[in-house]
Amino acid sequence: MKRTLLTAEELSKIVYGFVTNKSYLIDLRRMRESFYNAKPEGGVQKSLCDCGVFLNLVMDGKLSEAEEVFRSIEDPIARMGCELVWPAITWKRFINIIDYMKKNKIDLSDSVVLTAGRPSVLNGVNDFTRIGPLLESYRELFIEDLCVLYNKGLGPFIYNMCLAEWYYQQNRLIDAETLVSRTIKEFDRDTERRLLFSALFLQTRIIHANGRNVDSRSFVKNIRELCRREGELEFSFNIDAADTLMAFYDGDTDAAVRWLDESAPDEFSDFNMLDLYRYMVKIRCYIVSGKYTAVVALAEKLRPLLHEGKRHMDLCELDLLLSVSFWRSGERTLAFEALERSLKLARRRKYYRLVADEGTAIFPVLIEYIKTCGETPFLMKLVEITRSMAVRYPLYMRECVGKNENFSQMEINVLKLLEQGKTKEEIGEYFFISANTVKYHLKNIYSKLGASSATQAVWEARVRGLI
């Protein structure tokens, strides 16, 4: 049945609610067909409808068309609200708008959604990671500007959150954890669920980086519970993606495959730049599933949009994941080329943790790259941090392999007992077979796994999900 299109008057009321209250971008997205077909007569109604068209074009990734529509928005308040979430806005222009709002006492707090449900403040709708080095030097100025965009009392805490994200990228984990812990209580209020999601997610990443023995999935459950009362629709999709990402650290590739099949965004039927975080998680799912062609297709669909939107951090992450994909598909040269692009951005902008958090997935590529191209202080620091994640989470992004593929049930059973440290004689006693027969099974197991010892065989079996 064909959906009923809303009138220009109805649409203008919806956008007015977005500008003055807290209707979320995802609601506007659902009504995009109505916005694209609206024919307002003029005045404020036309400006508000144009805002809806502009925001939907941005979500479509049609930034050039969005810029043309933006020029037609006449209402100055609506125009400023849109420009603040314009992906290609320069930092200088962003500051100029904030200064204008301060001088003219224009209040857009609770209306400009800079995170859009993503688990980052600095790298939300816009990529503001480039201001990281300035955060410490201009504390009061940043707090003052944040008070224009958010609840005035929360300005210092949002600043702390931004600084914590920047400290995390530099691997200053203690500093980051101290700051993010202070913000969580302040964000735990009905009006700031969007920021609470970011704070809780960062806290989870810090706990991972510190190597604490925790169930990462339980932290995602807490995030879901704390964010459910307001803006649930805005957060639910990204929380599901965060849950999938955390599953990788636990070696749970089944969860990744399930998310890929059931609720991952479809970049071909309804591409949406609001789903950028989810697309990055989806690329990881493609990698562990061995769908390397799909990785390249999605990466090259995103790349021009990330360039146009000046999303440096996302470009760095994209090439990092491409490097892993090429490496696993045996394309060593392409893997090094993608890694070089990623490292260039990581070195310039100090994205240490962005690289290191890929742990065991990127570590072998990094080591071979250094053997080929030589050591530098930056690379050796990166190796040190990445190694710690690889050691702590050896099953991160392991490849999906059929659990019983090419292995008999007896071989699986032998592997399980071998994992427990049983000797050949002890394994033989379990099945009433001789030690020589066990040795025969072990020889077949080693051959299939490409192992030369019991320790290596157990390790390979764990990585493949056999035991």
Side-chain angles (χ1 to χ4, degrees), residues 1-88 108-118 124-126 191 193-194 197 227-241 263-279 305 309:
M1 187 172 68
K2 187 176 180 180
R3 288 180 293 179
T4 303
L5 299 179
L6 300 180
T7 66
E9 183 179 359
E10 290 171 324
L11 291 172
S12 64
K13 288 179 181 178
I14 290 168
V15 180
Y16 181 76
F18 168 73
V19 173
T20 58
N21 273 315
K22 213 178 1 177
S23 177
Y24 290 106
L25 289 168
I26 199 166
D27 296 324
L28 299 181
R29 181 67 177 168
R30 284 180 162 183
M31 301 161 191
R32 64 187 179 279
E33 189 178 346
S34 291
F35 280 108
Y36 288 153
N37 286 277
K39 300 187 184 300
E41 294 181 0
V44 175
Q45 187 181 102
K46 182 178 184 305
S47 284
L48 291 175
C49 283
D50 285 344
C51 281
V53 174
F54 166 81
L55 292 168
N56 272 293
L57 286 171
V58 168
M59 287 184 265
D60 283 335
K62 299 175 180 177
L63 301 186
S64 297
E65 293 179 39
E67 188 171 6
E68 290 181 17
V69 173
F70 174 76
R71 293 195 188 103
S72 70
I73 300 174
E74 296 177 355
D75 183 79
I77 304 299
R79 188 181 177 91
M80 280 189 290
C82 285
E83 193 170 5
L84 287 171
V85 297
W86 170 237
L108 288 180
S109 61
D110 289 336
S111 64
V112 179
V113 187
L114 294 179
T115 55
R118 292 178 189 163
V125 175
N126 301 82
T191 57
R193 298 294 165 188
R194 53 189 173 171
F197 177 29
C227 293
R228 69 183 172 81
R229 292 195 296 275
E230 184 173 332
E232 183 177 3
L233 188 61
E234 180 194 8
F235 292 107
S236 60
F237 301 117
N238 281 329
I239 291 177
D240 287 344
S263 57
D266 186 344
E267 63 269 27
F268 299 105
S269 68
D270 187 19
F271 181 80
N272 185 357
M273 283 300 286
L274 277 185
D275 287 331
L276 181 56
Y277 172 71
R278 298 170 74 209
Y279 290 140
L305 300 174

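None of the values given here were measured: they were computed from a predicted structure.
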Nearest-0.5 Å distance, CG of residue L48 to SG of residue C82: 9.0 Å

Side-chain heavy-atom pair F35, L55 within 4.5 angstrom cut-off: no

Heavy-atom closest contact (R29 atom, D60 atom, distance): NH1-OD1, 2.7 Å

By salt bridge (Lys or Arg N to Asp or Glu O under 4.0 Å) - contacts of E65 (at least two apart): none

A66 to W86 - nearest heavy-atom pair and separation: CB-CZ3, 3.8 Å

For S263, all residues meeting side-chain contact (heavy atoms from CB on, under 4.5 Å), sequence neighbours excluded: W259

Side-chain donor or acceptor of R79 paired with backbone N/O of F70 under 3.5 Å: yes

Minimal non-hydrogen separation, G61 against L305, with atom names: O-CD2, 3.0 Å

CG on L57 to CD on E67, rounded to 0.5 Å: 12.0 Å

CZ-CD1 distance between F54 and I73, expressed to the nearest 0.5 angstrom: 6.0 Å

Side-chain touch M273/V58, heavy atoms, less than 4.5 angstrom: no

S72 to D50 - nearest heavy-atom pair and separation: OG-OD2, 3.2 Å

Check: S47 side chain, E74 main-chain N or O, donor-acceptor pair, under 3.5 Å: yes

D275: partners by side-chain contact (heavy atoms from CB on, under 4.5 Å), with sequence neighbours left out: P265, N272, R278, Y279

